[in-house]
Protein chains: 2
Amino acid sequence: MNVHEPERRLVTLADVARAAGVGESTVSRVLRNQGSFSKRTQDRVAEAVARLGYVPNRLAGMLAGSGTTAGAKLVGIIIPSLTNIVFPDLLRGANAALDRDGFQSVIGVSDYDPSREEALIGALLSWRPAGLIVTGLEHTPGAVARLRASGIRVVEMIDTDGTGLDIVVGFSNRAVGCDSARHLLDRGYRRIGYVGHDITRDLRAAKRLAGFCETLVQAGHPLVERAIASGPSSAAAGREALGQLLARRPDLDAVYFSNDDMALGGYFHCLAEGIAVPGRLALFGFNALDIAAAMPRPLATIRTPRLEIGAMAAERLGADGPPEVIDLGYELIPGATA
Amino acid sequence: MNVHEPERRLVTLADVARAAGVGESTVSRVLRNQGSFSKRTQDRVAEAVARLGYVPNRLAGMLAGSGTTAGAKLVGIIIPSLTNIVFPDLLRGANAALDRDGFQSVIGVSDYDPSREEALIGALLSWRPAGLIVTGLEHTPGAVARLRASGIRVVEMIDTDGTGLDIVVGFSNRAVGCDSARHLLDRGYRRIGYVGHDITRDLRAAKRLAGFCETLVQAGHPLVERAIASGPSSAAAGREALGQLLARRPDLDAVYFSNDDMALGGYFHCLAEGIAVPGRLALFGFNALDIAAAMPRPLATIRTPRLEIGAMAAERLGADGPPEVIDLGYELIPGATA
DNA sequence: AATCAGATTGGCAGCGCTGCCAATCGCTGT
DNA sequence: ACAGCGATTGGCAGCGCTGCCAATCTGATT
């Protein structure tokens, strides 16, 4: 397409103004439905816009409007990964709320790499967004400095275990770990193991595990054994890691997984090996994936308010007010595997 | 954060130029590493940038650079949904390629709604992107008109069954359906059913089903029965729909699912009901989700090159050249459920 | 020492739009 | 008929950066 056109200049607001026989600022007002103008003017502008196929240039709009209230109808969102459905869910929640307010979002994927996150923050800030939504509370000093210097609203989502920069929306991963442990203990499980993925990268999983272990220790039944899959979480990794874990400690009576993907893999391992769940081995996950609820025995897990977190993050981004921490909680789903 | 600052103006390129004791255009050249400048100048600029914490304003940059080759380091991507992992996968592939070339992406989610897609196209075009990546070949006339008028490169991804606007990257969904049917027929299955989700919205699923049915008819063993879940695809929907399907036609010997999510649910139904797979009932999916490969019996399915499609779409967006169709194919994974 | 190509640099006019302000219009009240 | 006042409208200076071009500088060459 592009190569064929003889470099035809795109229609500008000035073209519309000329075609409609009005001034530029009048067209601008009509288009943004701001200020006052007559019905007749509105119609003429609308007609000209339609006839010329005018598409406003938001770059120019934002540039011109910078420094004032309006302008910035853009937010940046940084998530660590697109592999795990959790993050698309957060995006989905944020997107819905953002759309409603006429915002557009630019997203960046950090791949769980703090330095990449810092670079992305720089890149996104250069679009002069109205605000930035980032994931988690841990950032490089450089990233924090940029965020502070930008002077814009920042929302850190998902995690509340730590100190935030501005607004924090999420839940306590540590508390999730504690509650998960307590649930298993309450049900009488004593020889408990853990199956997780790379915890040096996924800091939230590490916090859950910390809370989990602490509660077990307090109860006098410390974690028996753990298996850590290298690489990101997946059903395949969970299946394999559980196999290894049980090979080392066949006497376990319950296993806590870093998330539902891993747990699902573990469940498949049990199915394949004929291990009764939860009779012989109890399984506990995290995230409440749809798939886990459709299992023959619904997975015991924790439902996290992902859409709500995304939506709340987006909503708060537009609001004025002091920094605050919004804990949206979570819900333990007993399921039937523990 | 924002409310505390006394409206401090952000650092501009002019500030940097002054601080470094050089001209604005020199700073611009150094920052973009374009044109020539001395090492000494480069160091002074770098020092000033670091000291002032300068963040370039890409809005201004793109506006100024519009009309010329450079400038536009932005692309728009429109996908129908974030619920199904397929689309995040496409994004992931595109993102990786885009990042490499220093592009940023603005994404829009159409929610499978053509008129919403049209609106999103308008919104994204107003950012004056270098190109646009959209999903599928079906668009409203208005959307097509806007796309054409924009004069930018457009890539339609995933589907090659139809006529594209500019560049098309994907595979034939119809052929997928045909091959899936042929595979089941070759294995001796004759009483075949279908479990799908809302097909009026997911046009690609409809194409697969069309190819599937056609092949069955040609072989003289037309589709016996179908169950369509309302709403989007999910394991829960697949599980329930398969239950209904079998209630109506207990004699089926194979079921084709609209995708792996649905098939996974179907598999769970079989597990729960003690239906032997594939002894009593064969299952066939689509997409080759990781999870489906971790099942006790790996799911028979079709692997689609999602990352590759995203990556290729992003790559082609930057290239010059005539419109073309790039078929990246797919791979049938026999698995163990059929 | 004069000359010249090439490297380096600065000045400045926009890119397309919005904010601000002054000008004009349409009515009302007296 | 005329002042008064809000509703409408147009003009124009930027927003921060890049492209273009002219100015200056650096050595090497004659």
Side-chain angles (χ1 to χ4, degrees), chain A residues 7-45 48-49 52 54-74 125-130 150, chain B residues 7-45 48-49 52 54-74 125-130 150:
Chain A
E7 193 52 58
R8 169 199 50 191
R9 205 172 48 72
L10 263 57
V11 182
T12 70
L13 188 147
D15 296 326
V16 175
R18 211 170 306 121
V22 300
E24 297 186 26
S25 25
T26 301
V27 176
S28 177
R29 273 188 299 261
V30 172
L31 258 29
R32 285 177 298 143
N33 193 39
Q34 189 210 77
S36 65
F37 45 81
S38 66
K39 183 75 176 65
R40 194 168 81 77
T41 302
Q42 180 173 32
D43 292 339
R44 292 169 59 159
V45 169
V49 166
L52 300 180
Y54 171 66
V55 177
N57 185 334
R58 299 190 72 161
L59 296 172
M62 283 190 64
L63 217 215
S66 65
T68 33
T69 25
K73 278 293 192 180
L74 182 72
L125 284 178
S126 71
W127 291 105
R128 294 290 185 272
S150 73
Chain B
E7 193 52 56
R8 168 198 52 189
R9 204 173 48 73
L10 264 56
V11 182
T12 71
L13 189 148
D15 296 326
V16 175
R18 211 169 308 119
V22 300
E24 296 187 25
S25 27
T26 301
V27 176
S28 178
R29 275 189 296 263
V30 171
L31 256 31
R32 285 176 300 143
N33 194 38
Q34 190 210 75
S36 65
F37 45 81
S38 66
K39 181 75 178 68
R40 194 169 81 77
T41 302
Q42 178 173 33
D43 292 340
R44 290 169 61 159
V45 169
V49 166
L52 301 181
Y54 171 65
V55 177
N57 184 334
R58 299 190 73 160
L59 296 173
M62 283 190 63
L63 217 215
S66 67
T68 32
T69 27
K73 277 295 193 181
L74 181 72
L125 283 179
S126 71
W127 291 106
R128 294 291 185 274
S150 72

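Below, chain A is the first sequence line, B the second, and so on; all start at residue 1. Everything quoted here is computed from the prediction, not taken from an experiment.
Remark: P of C:dC17 and CG of A:D15 are 9 Å apart, rounded to the nearest angstrom. Between the P atom of D:dC17 and the CZ atom of B:R58 lies a distance of 13 Å, rounded to the nearest Å. The distance from atom CD of B:Q34 to atom C1' of D:dC20 is 12 Å, rounded to the nearest whole Å. Spacing between atom CG of A:L31 and atom P of D:dG10 amounts to 14 Å, rounded to whole angstrom units. In this structure, CZ of A:R128 is placed 11 Å from C1' of D:dC17, rounded to the nearest angstrom. Across the protein-nucleic acid pair, A:M62 atom CE and C:dG19 atom P stand 12 Å apart, rounded to whole Å. With rounding to whole Å, A:R32 atom CZ is found 8 Å from C:dC17 atom C1'. Rounding to whole angstrom units, CH2 of residue A:W127 and P of D:dG16 are separated by 16 Å.
Each end of the helix from C:dA1-D:dT30 to C:dT30-D:dA1 gets its own axis from five base pairs, and the two axes differ in direction by 50°, given to 10 degrees.
Taking the charged nitrogens against the carboxylate oxygens, A:D15 and A:R18 do have a contact shorter than 4.0 Å, which makes a salt bridge.
Using a 4.0 Å heavy-atom criterion, one finds that B:S25 contacts the bases of the nucleic acid, with or without backbone contacts as well.
Expressed to the nearest 0.5 Å, how far OH of B:Y54 lies from OG of A:S126 amounts to 9.5 Å. B:L52 contributes atom CG, which lies 11.5 Å from atom CG of B:L10 (distance to the nearest 0.5 angstrom). Atom-to-atom distance recorded for A:W127:CH2 and B:M62:CE is 5.0 Å, nearest 0.5 angstrom. B:Q42 contributes atom CD, which lies 7.0 Å from atom CG of B:N33 (distance to the nearest 0.5 angstrom). Expressed to the nearest 0.5 Å, how far CG of A:N57 lies from CG of B:L125 amounts to 11.0 Å.
Near-neighbour residues of DNA chain C inside residues 36-44 of chain A, defined by a heavy atom below 4.0 Å, are absent.
Between the side chain of A:R44 and the backbone N or O of A:A20 there is at least one donor-acceptor pair closer than 3.5 Å.
In the set C:dC15, C:dC20, D:dC17, the nucleotide with an atom closest to the side chain of B:L63 is C:dC15. Side chain of B:N57, nearest nucleotide from C:dC20, C:dG16, D:dC17: D:dC17. When the nucleotides D:dT18, C:dG10, C:dC17 are ranked by their closest atom to the side chain of B:E24, D:dT18 comes out on top. In this structure, of D:dT18, C:dG16, C:dG11, it is D:dT18 that holds the atom nearest to the side chain of B:A64.
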Test side chain to side chain donor-acceptor pair (under 3.5 Å) applied to B:S38 and B:T41, step by step: CA-CA 5 Å; B:S38 66; B:T41 302; 2.8 Å; yes

B:R128 vs A:V55, side-chain contact (heavy atoms from CB on, under 4.5 Å): CA-CA, chis, key distance, verdict: CA-CA 9 Å; B:R128 294 291 185 274; A:V55 177; 3.7 Å; yes

A:S28 vs A:R32, side-chain contact (heavy atoms from CB on, under 4.5 Å): CA-CA, chis, key distance, verdict: CA-CA 6 Å; A:S28 177; A:R32 285 177 298 143; 2.8 Å; yes

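A donor-acceptor contact under 3.5 Å is formed by the side chain of B:R29 with the base of C:dG10. With hydrogens and angles ignored, no donor-acceptor pair under 3.5 angstrom links the side chain of A:S28 to the base of C:dG19.
Considering only side-chain N and O atoms, A:T26 lies under 4.0 angstrom from the phosphate OP1 or OP2 of D:dG10.
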